[in-house]
Amino acid sequence: MSAKGHFISFEGIDGSGKSTQARMLADDLRAAGHEVILTREPGGSAGAEEIRALVLQGDPDRWSAETELLLFTAARRDHLERVINPALAEGRIVICDRFADSTRMYQGLSRGDLRGKVDALHDLMIGREPDLTILIDMDPGQGLSRAKGRQGHEERFEDFGTDLQTKMRAGFLALAEEFAPRYRIIDGAASMNSVAEQVRNTVQAYLNP
Ligand code: ADP
Ligand code: TYD
């Protein structure tokens, strides 16, 4: 557990601009003299990146929601042990593109209600939340068209379509209420620089209360 660092996560639907904003925030904070680790899930450590390929590539029906939950949690445990916790213990700012809230949404809600199992496994194996979570809120159609524009091969979840993204958007907004003290919501529809400015102000307010 960290005594000194700060753990900041970005959440939101696919294509909402999380990776872009996480990168811009890392650049800003580094320019201001902070020691920053920019990382992502699924992945972020060597072992977790191997699991990433298993969960993000291939047919949408490749895994059941339960199997996926175990794989994402295994990846997170490795990432936490090897990257996040050591960096926090050294007093760094860890910026993570998605964390456990994504599991609460995608595995917890997408195919039936598995939220109870997600939370139980989280308590057992992860047991920590970010200090600050920035939700980039975005219209699902706009997010999906941005995500599709990227042309990758990690499209398993994007292939679930707009209905899933609509459900995820509502779910993230509900999560922001459930975990209100650590959540800040930012509208992702504006230009990259304008979203980045809001992110910067939000993080400054958190770091200098
Ligand atoms: P996410 O990580 O949430 O999936 P990305 O940061 O990868 O989203 O952004 C998805 C796509 O949309 C990328 O091609 C990115 O360049 C573009 N993009 C990101 N933010 C904006 C923005 N504010 N306006 C227009 N396009 C954006
Ligand atoms: P990511 O690379 O962040 O995709 P994007 O940039 O399109 O938002 O994450 C890939 C997918 O993995 C995304 O569709 C959400 C899914 N995911 C889960 O289903 N559970 C999880 O715990 C995490 C971290 C991601």
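Whatever order the structure lists them in is the order used to number ligands and atoms, beginning at 1. All values derive from a computational prediction rather than experimental measurement.
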One pair to check against side chain to side chain contact (heavy atoms under 4.5 Å, CB included): Q198 and N201. What are the steps and the verdict? CA-CA 5 Å; Q198 291 182 64; N201 292 341; 5.7 Å; no
Within the structure, is a non-hydrogen atom of R76 found at a distance of less than 4.0 Å from ligand 2? yes
Name the option, out of Q21, R146, M192, R98, that contains the heavy atom nearest to atom 11 (C) of ligand 1. R146
Of F99, F10, F72, the residue with the heavy atom nearest atom 17 (N) of ligand 2 is F72
Considering the heavy atoms of [X], write down every atom of ligand 2 situated less than 4.0 Å from one of them.
X    : answer
T103 : 21 (C), 22 (O)
K18  : 8 (O)
E41  : 24 (C)
D14  : 4 (O), 5 (P), 7 (O), 8 (O), 13 (C), 14 (O)

Any chance you could lay out the side chain to side chain contact (heavy atoms under 4.5 Å, CB included) test for I134 and Q21, step after step, and finish with the verdict? CA-CA 10 Å; I134 296 175; Q21 293 302 326; over 6 Å; no
Is there a donor-acceptor pair closer than 3.5 Å between any side-chain N or O of [X] and the backbone N or O of [Y]?
X    : Y    : answer
R30  : V36  : yes
T166 : T162 : yes
T73  : L69  : yes
R92  : I37  : no
Q107 : V118 : no

State if A190 counts as touching ligand 1 under the rule of any non-hydrogen atom under 4.0 Å. yes
If you measure from each heavy atom of G12 to ligand 1, is any distance below 4.0 Å? no
May I ask you to identify, for [X], whether its side chain, its backbone, both or neither come under 4.0 Å of ligand 2 on a heavy-atom basis?
X    : value
Q107 : side chain
L56  : side chain
R52  : side chain

Say whether S16, considering both its backbone and side-chain N or O atoms, lies within less than 3.5 Å of an N or O atom on ligand 1. yes
Is T20 close to ligand 1, meaning an N/O of one under 3.5 Å from an N/O of the other? yes
For the 3.5 Å polar cut-off, considering only N or O atoms, please tell me whether Y106 and ligand 2 meet it. no
Take atom CD in E178; do more than 12 heavy atoms of anything else shown fall under 6.0 Å from it? yes
Test log, rule side chain to side chain contact (heavy atoms under 4.5 Å, CB included), inputs Y183 and E177: CA-CA 8 Å; Y183 256 89; E177 279 184 30; over 6 Å; no
Cation-aromatic face contact R76/F99, 6.0 Å, 45 degrees: yes
Report the part of A189 (side chain from C-beta onward, or backbone N, CA, C, O) that has a heavy atom under 4.0 Å from ligand 1; answer both or neither where that applies. neither
